[in-house]
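All heavy atoms count here, side chains included; hydrogens, waters and symmetry mates do not. Quick note on labels: first sequence line is chain A, next is B, and so on, each numbered from 1.
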Amino acid sequence: MIDPRLLTDEPEKTAAALARRGVGPDVLAGLQELDGARRSAIAALDAARAEQNAASKAIGRRPPEEREAAIAEAAALKDRVVALEAARDATDAAHHDAFSRIPNLPHPDAPDGVEGDGIVLREVGTLPTLDGVSEPRDHVALLEAADAIDLARGAKVSGARFAYLKGEGALLELALIRYAVDIALARGHVPVIPPVLVREPAMYGTGFLPTDEQQLFATRDDDLYLVGTSEVPLAGMHMDEVLDPSELPLRYAGISPCFRREAGAHGKDTRGILRVHQFEKVELFSIVTPDASDAEHERLVDTQIAIVSGLELHARLVDIPVGDLGSSAARKFDLEAWMPGQQAFREITSCSNTTDYQARRLRMRLRVEGGDNVPVHTLNGTALAVQRIMIALVEQHQRADGSVAVPAALVPYLGREVLLTR
RNA sequence: GGAGGGUUGGCAGAGCGGACGAAUGCACCGGUCUUGAAAACCGGCGUGCCCUCACGGGCACCGGGGGUUCGAAUCCCUCACCCUCCGCCA
C-alpha cells in the first residue's frame with residue numbers, strides 16, 4: 001500500500017512515479033476522487049456521531065421523569081448515524097480495494113523497461129571452462145545418472161513439477177542450506193524456521209494478495225495458504241507492532257520450503273527442477289528504519305554475491321526494470337547464474353527493497369519520539385534457492401565423466417570433494 | 001475430537017449497561033527535594049483516523065467480526081488464540 005497522502009501532498013511527483021509502472025492518469029484521478037470521498041464520509045460520520053454521543057450521554061444525567069423524552073430525541077439521531085456509517089463503509093471499501101491494487105512507487109534509480117530490459121551491473125566469477133567436457137550435460141542428465149533425482153516418480157506421486165531428491169541430491173540440499181545459513185548468520189541474520197501455512201492477513205500484508213492469488217496454493221478446509229517464500233511469515237512476525245528504533249535493524253534468515261502454483265507458466269521450463277511447485281530456500285529478510293533501506297539493499301546483495309562466489313559460480317547481477325517488478329518492490333536486483341545445460345543465464349536469486357509498502361499493509365511502525373510513528377522499511381533477498389543453485393552447481397562444475405567437483409567452501413558441509421561419481 | 005476457564009493500556013490487574021479510553025500498582029519520562037543518588041511528593045505516559053498553518057478539536061479502538069440498546073469493556077451470536085482436563089498422536 002502506498003501512502004494515500006502522497007496523492008494530495010505530492011501529486012505531480014507521485015503521478016510521474018506511478019506512470020512508470022503503468023498506472024495512468026485515469027486511474028490516478030479515480031484514486032484521488034476515492035480519497036476525497038473517503039475523507040468527507042469520515043468527517044460527516046464523525047460529526048453525526050459526536051452529536052449522538054452528546055445526546056446519549058445527557059440521558060444519564062437527566063432525572064427519571066425526563067428520560068423518556070430524551071431517549072426519543074437521541075433515538076431520532078440514530079438513523080442519520082446508521083446511514084452515514086453505511087456510506088463511510090462503502091467508500092472505505094472502495095478506497096481500500098483500489099489502493100491495495102496500486103503497486104509500490106519505483107525507486108528513482110530503478111531502470112525503465114519491461115521483462116528482459118534488465119541492466120547487467122556486474123559479473124560474478126568467470127565462465128566455467130568445463131575442461132575435457134565435449135558436450136555439457138544438463139542437470140537432469142547429471143543428477144539422474146547418479147540417482148540423485150527422480151523426476152518420473154515425482155510426477156507419478158505428485159504431478160508435473162515435483163521431484164524427489166535422493167542420495168547425494170538430498171545430502172547436497174542439506175549441505176547447501178547449512179552453508180548459506182552460516183554465511184547469513186555471520187552477517188547478522190538470525191536463522192528462523194517459520195510456519196509455511198499462513199492466514200490471509202499475512203499474504204495480504206506482504207502484497208501477494210489480492211494480486212498474485214493464482215500463484216498460491218491454498219488449503220481446502222482451513223483458510224490457510226502455503227507460502228511461496230518465507231518472506232511472508234517473516235514479514236508477518238512483526239505485523240501490528242510498533243518497533244523502537246533501538247531494535248532495528250532486525251535481520252532474519254528464513255529456512256523453509258516454498259510452494260508456487262506456476263500458473264501461466266505452462267510449457268515453460270518443463271525439464272528438470274528449474275521451475276518446480278515445491279523447493280527449499282534460505283531467505284534473507286531485513287526490517288530497517290526508512291533512511292537505511294538503500295544501504296541495507298546493497299548489504300543484502302553483497303551477502304548474496306558472497307554465497308554465490310563461495311560456490312565458485314559464474315553469475316551476473318541484473319538491475320530489474322520497473323516493468324518487471326513485483327507489486328511490493330520499489331527496486332529489485334537478480335543474480336542470474338550461467339547454466340551450461342541450456343547455455344543461458346537464469347535467475348537464481350532476487351533481492352527487493354519494498355520500502356514502506358509491506359510495512360504499511362502490515363502496520364509495522366517505527367516509534368518516533370515527539371511525532372507520528374511511521375512505517376518501517378522491509379527488504380528481502382534469496383540467500384540460496386536450493387534447486388536453482390543445484391542446477392548451476394552441477395552444470396558448472398561437471399567433469400568429463402559426469403561427476404561434479406565440489407567447491408572448497410562446500411566440502412566441509414558435504415563431507416566429500418566429488419559428487420555424482422558412479 | 002469432547003468438557004470447562006480465559007483474552008482489558010509496556011507489564012500486572014480492577015471494572016460486568018450511563019460521568020470508562022478505562023481504577024490501582026509496577027515500569028518509563030519530566031519536575032520538586034538532595035552535594036549527588038535513592039526514597040518521597042507533583043506532573044506526564046496507548047494506537048489509528050478526520051478537521052486545523054498552528055493552538056486545538058472530533059471520531060474509533062478493552063482479542064477479530066456481527067447483533068441488542070438512546071447508550072456496550074460490561075448483554076447476545078460468531079470466529080481466532082491461550083490455559084486446564086479427557087481422548088488420539090510424531
Side-chain angles (χ1 to χ4, degrees), chain A residues 1-10 31-100 193-205 209 218-225 233 236-248 250 257 290 356-376:
Chain A
M1 182 84 87
I2 62 164
D3 184 356
R5 287 273 169 197
L6 291 171
L7 294 182
T8 39
D9 294 352
E10 298 176 5
L31 291 175
Q32 274 164 334
E33 194 182 318
L34 280 169
D35 200 42
R38 175 175 165 272
R39 289 192 210 185
S40 34
I42 288 171
L45 173 62
D46 283 359
R49 282 218 269 231
E51 201 182 335
Q52 206 221 358
N53 285 346
S56 282
K57 279 183 179 170
I59 292 169
R61 292 191 291 266
R62 297 283 191 89
E65 63 272 16
E66 288 179 23
R67 287 202 179 179
E68 200 152 322
I71 287 173
E73 203 177 303
L77 295 168
K78 200 183 170 183
D79 290 347
R80 197 167 127 75
V81 170
V82 169
L84 288 170
E85 254 169 11
R88 193 275 318 263
D89 287 349
T91 48
D92 214 37
H95 182 274
H96 186 261
D97 191 59
F99 273 86
S100 34
I193 296 175
V196 295
L197 287 165
V198 301
R199 295 215 188 111
E200 194 265 351
M203 278 296 177
Y204 167 80
L209 286 176
T219 59
R220 184 169 38 189
D221 297 325
D222 296 289
D223 292 325
L224 292 168
Y225 293 93
M237 260 201 288
H238 294 286
M239 84 178 137
D240 286 311
E241 291 182 16
V242 178
L243 300 164
D244 194 83
S246 64
E247 296 177 76
L248 301 184
L250 282 167
D356 62 357
Y357 191 86
Q358 289 181 337
R360 183 169 287 106
R361 290 164 84 110
L362 290 164
R363 297 166 302 280
M364 276 165 60
R365 292 94 82 201
L366 176 70
R367 172 158 288 120
V368 176
E369 285 300 325
D372 292 333
N373 294 340
V374 296
V376 294

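Of the C1' atoms belonging to B/U34 and B/C49, the separation is 46 Å, rounded to the nearest Å. To the nearest whole angstrom, the two P atoms, one in B/U78 and one in B/G4, are 13 Å apart. Remark: the separation of the C1' atoms in B/C45 and B/C81 is 29 Å, to the nearest Å. Here, B/G13 and B/G56 have their C1' atoms 34 Å apart, quoted to the whole Å. Taking the P atom of each, B/A73 and B/A23 are spaced 14 Å apart, rounded to whole Å. Annotation: B/G87 and B/C76 have their P atoms spaced 32 Å apart (nearest Å). Between the C1' atoms of B/G64 and B/U69, the separation comes to 22 Å (whole Å). The same atom, P, is picked in B/G25 and in B/A39; the two are 15 Å apart, to the nearest Å.
Looking at every heavy atom in both residues, A/Ala41 comes nearest to A/Arg88 through CB-CA, 3.9 Å. Nearest heavy-atom pair, A/Arg38 versus A/Thr91, reported as atom, atom and distance to 0.1 Å: CA-OG1, 4.1 Å. When every heavy atom of A/Arg360 is checked against every heavy atom of A/Pro375, the shortest pair comes out as NH2-CG, 3.6 Å. The two residues A/Ser100 and A/Met1 have their closest heavy-atom pair at N-SD, 4.1 Å.
Base-pair partner of B/C53: not found among the strands shown (Watson-Crick or G-U wobble, both distances under 3.5 Å). Pairing for B/C33 is absent, judged as Watson-Crick or G-U wobble with the two contacts each under 3.5 Å. Pairing of B/C61, defined by two Watson-Crick or G-U wobble distances under 3.5 Å, is identified with B/G46. Base pairing of B/A38 is not made with any nucleotide, judged by Watson-Crick or G-U wobble geometry with both donor-acceptor distances under 3.5 Å. As the counterpart of B/G21, no nucleotide is assigned, since no Watson-Crick or G-U wobble pattern has both distances under 3.5 Å. Pair assignment for B/A3 gives B/U84, based on Watson-Crick or G-U wobble hydrogen-bonding distances that are each under 3.5 Å. The pairing partner recorded for B/A72 is none, the criterion being a Watson-Crick or G-U wobble arrangement whose two distances lie under 3.5 angstrom.
Across all strands shown, A/Glu73 has no heavy atoms under 4.0 Å from either base or sugar-phosphate atoms. At a threshold of 4.0 angstrom between heavy atoms, the contacts of A/Ile42 are confined to the sugar-phosphate backbone, with no base atom among them. Within the nucleic acid shown, A/Ala55 has no heavy atom closer than 4.0 Å to any nucleic acid atom. Nucleic acid contact class of A/Arg363 (heavy atoms, under 4.0 Å, all strands): none. Heavy atoms of A/Arg88 sit nowhere under 4.0 angstrom from any nucleic acid atom.
OP1 or OP2 of B/G71 has at least one side-chain nitrogen or oxygen of A/Lys78 nearer than 4.0 Å. At B/G48, one or more side-chain N or O atoms of A/Arg365 fall inside 4.0 Å of OP1 or OP2 (strictly under the cut-off). Contact check, A/Gln52 against B/G71: a side-chain N or O comes under 4.0 Å of OP1 or OP2. Within the 4.0 Å cut-off from OP1 or OP2 of B/C49, not a single side-chain nitrogen or oxygen of A/Arg38 is found. The phosphate of B/A60 (OP1 or OP2) has a side-chain N or O of A/Asn53 nearer than 4.0 angstrom.
Among the candidates A/Asp223, A/Asp222, A/Thr219, the single residue satisfying the side-chain contact (heavy atoms from CB on, under 4.5 Å) test with A/Leu197 is A/Thr219.
In this structure, of B/U69, B/C51, B/U47, it is B/C51 that holds the atom nearest to the side chain of A/Arg5.
Side-chain contact between A/Asp356 and A/Pro290: absent, with no pair of heavy atoms (C-beta onward) separated by less than 4.5 Å.
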